[in-house]
Amino acid sequence: MDYQTQNSKPNFVVHFIGGIFVGAAPQLTYRWFLERLSDKGILIIATPYASGFDHFLIADEVQFKFDRCYRTLQETIQDLPVFGVGHSLGSVVHLLIGSRYAVQRSGNVLMAFNNKEASSAVPLFSPVLVPMAQTIGPLLSDIFSSPTLRAGAEMTLKQLENVSPPIMKQVLPLVEQLPPLYMDLVKGREDFSPKPEETRRLIKSYYGISRNLLIKFKDDLIDETSTLAQVLSSESAISSVLDMSIRKLPGDHGLPLQQALPDVPPAMADAVNRGSELLSNLTVGTPWETVAKEVGNSLGMDSRVLRAEVSKDMDMLVDVIASWIASNAGPKLLRP
């Protein structure tokens, strides 16, 4: 999926990679952020991926997709500076790409870097997801091992793709990534590959992108940007030519995922508020409690104020990234 300005030729190219789960459909989940960024004269190649435990595989997949798209657009963007922009796991993937491939990048923008173990990165992972996967594991195993059941499931997905509205077709990748993930859980897989300490070692030893903008959000409770900054600046392979900027901006971990929500009728807002209150009660004490409350807040009585605040934070985020890209579009700094 690529985004480009409609009124002028682009000045820069960005390879965008989103976070876990939401990265499967960035044209939906990051739509507002990507559209705002493209308005700054940036052509964005957003590469989707299915979530999984193998981060090496994800890095290979998204880089292959980017290279293929870049070749297709080469006549338009051949001489333009190329930057990487990643959010959450997308930042980790960009770091792995920069550690494993001799990619030509003018710089990387790494938002809300997080490289925790699976049980910490996904708070409900150990107490909820693993037992749930083990419970439904036999059913999934039957589906995957039975030609008849598997064919039926595949036919159902094909029918959905054929008859669903365009928006539903774009949502399907978010759903389709879940069964393989559950199968990994059933097989006992509980750790990312590479593990966090191995990822840090790879970055320290081989990462070759000199220019980096690290963005931390003030209300992000799972951010590890300070750890990344220390890895890059302390005796890393790139430290002697490192050009690193760190910005702390308003917002939380999910700011780049915010959407431009329209005004809704009062009756609908009231119904959503009641539903979100019920969800909050059901999810009390879990990480989803805050999410449930935000559902109501985003469409509730104070939604106009909330949307104005989010829009202001989004404007600042996009302006900071676009300004940094424009000021770092000179000759590329290669590996030392």
Side-chain angles (χ1 to χ4, degrees), residues 1-3 13-35 37-38 43-73 82-101 103 105 108-118 121-122 125 129 133 154 157 160-161 167-185 187 189-196 198-199 202-203 207 209 222 253-254 256-257:
M1 175 64 67
D2 62 274
Y3 288 78
V13 177
V14 155
H15 177 194
F16 177 77
I17 307 173
I20 191 170
F21 299 123
V22 290
Q27 77 281 6
L28 283 181
T29 52
Y30 290 92
R31 180 172 180 172
W32 194 28
F33 169 71
L34 295 177
E35 288 181 345
L37 196 58
S38 71
L43 184 143
I44 302 169
I45 300 175
T47 52
Y49 65 89
S51 296
F53 290 93
D54 192 337
H55 293 170
F56 284 138
L57 181 64
I58 292 172
D60 292 344
E61 176 187 348
V62 296
Q63 185 59 35
F64 173 79
K65 289 178 177 178
F66 173 80
D67 289 341
R68 184 175 58 185
C69 188
Y70 186 89
R71 286 194 297 270
T72 302
L73 301 171
V82 179
F83 292 83
V85 176
H87 174 237
S88 194
L89 177 58
S91 294
V92 177
V93 174
H94 266 306
L95 289 160
L96 288 175
I97 290 172
S99 301
R100 304 181 74 207
Y101 302 108
V103 291
R105 291 284 184 275
N108 275 341
V109 178
L110 308 171
M111 299 183 289
F113 171 79
N114 177 283
N115 187 37
K116 298 180 183 294
E117 295 179 351
V122 185
F125 180 84
L129 293 184
E154 291 173 353
L157 285 175
L160 282 173
E161 291 175 359
I167 187 68
M168 288 304 298
K169 292 181 181 179
Q170 295 183 60
V171 169
L172 279 175
L174 295 171
V175 179
E176 291 173 335
Q177 66 183 325
L178 298 180
L181 194 62
Y182 270 103
M183 287 305 298
D184 278 342
L185 290 173
K187 295 174 183 176
R189 190 163 187 177
E190 297 185 17
D191 294 314
F192 293 134
S193 176
K195 293 183 178 181
E198 175 66 8
T199 299
L202 287 170
I203 295 169
Y207 182 65
I209 311 300
I222 59 174
H253 193 82
L257 293 161

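Given the structure is predicted, the values throughout are model-derived calculations rather than measurements.
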Y207 six-ring face occupied by R105 cation (under 6.0 Å, within 45°) = no

Heavy-atom side-chain contact between V85 and N108 under 4.5 Å | no

State whether the side chain of T29 and the backbone N or O of V22 hold a donor-acceptor pair below 3.5 Å, judged by distance alone.
-> yes

Pick one: which of F113, F16, Y30, F21 meets ring pair (Phe, Tyr, Trp, His ring centres under 6.0 Å) with H87?
-> Y30

Can you tell me if H94 uses its side chain to pair, donor with acceptor, with the backbone of V109 under 3.5 Å?
-> no

Roughly how far, to the nearest 0.5 Å, is CG of L202 from CD of E198?
-> 4.5 Å

What's the spacing between F66 CZ and T47 OG1 if we round to 0.5 Å?
-> 8.5 Å

Quick one: do W32 and L257 satisfy side chain to side chain contact (heavy atoms under 4.5 Å, CB included)? Show the steps, please.
-> CA-CA 8 Å; W32 194 28; L257 293 161; over 6 Å; no

Which heavy-atom pair separates I222 from K116 by the least distance, and what is that distance?
-> O-CE, 3.5 Å

Atom CG in L95, atom CG in N115: separation rounded to 0.5 Å?
-> 8.5 Å

Nearest non-hydrogen partners of L89 and Y49, listed with the distance | CD2-OH, 3.6 Å

Under the side chain to side chain contact (heavy atoms under 4.5 Å, CB included) rule, what do F56 and L96 come out as? Steps first, then yes or no, please.
-> CA-CA 7 Å; F56 284 138; L96 288 175; 4.2 Å; yes

dist K65:NZ -> I17:CD1 (nearest 0.5 Å) comes out at 10.5 Å

Over all heavy atoms of both residues, which pair between A24 and P48 is shortest? Give the atoms and the distance, please.
-> O-CB, 3.4 Å

Please name the pair of heavy atoms, one in P194 and one in T199, separated by the smallest distance, quoted to 0.1 Å.
-> CG-OG1, 3.2 Å

Any idea which heavy atoms bring S88 and G19 closest together, and the distance?
-> CB-CA, 4.3 Å

Would you say S91's side chain and G86's backbone share a donor-acceptor pair under 3.5 angstrom?
-> yes

Please step through side chain to side chain contact (heavy atoms under 4.5 Å, CB included) for the pair V62 and V93, ending with a clear verdict.
-> CA-CA 9 Å; V62 296; V93 174; 3.7 Å; yes

Considering all heavy atoms of both residues, which atom of N114 and which atom of H253 are nearest to each other, and what is their separation?
-> CB-CE1, 4.5 Å

About how many Å separate NE2 of H55 and CD1 of I97, when rounded to the nearest 0.5 Å?
-> 12.5 Å

Criterion side chain to side chain contact (heavy atoms under 4.5 Å, CB included) on I209 and V103, from CA distance to verdict | CA-CA 8 Å; I209 311 300; V103 291; 4.0 Å; yes

Answer with yes or no whether the side chains of D67 and Y101 bring together a donor and an acceptor at under 3.5 Å.
-> no

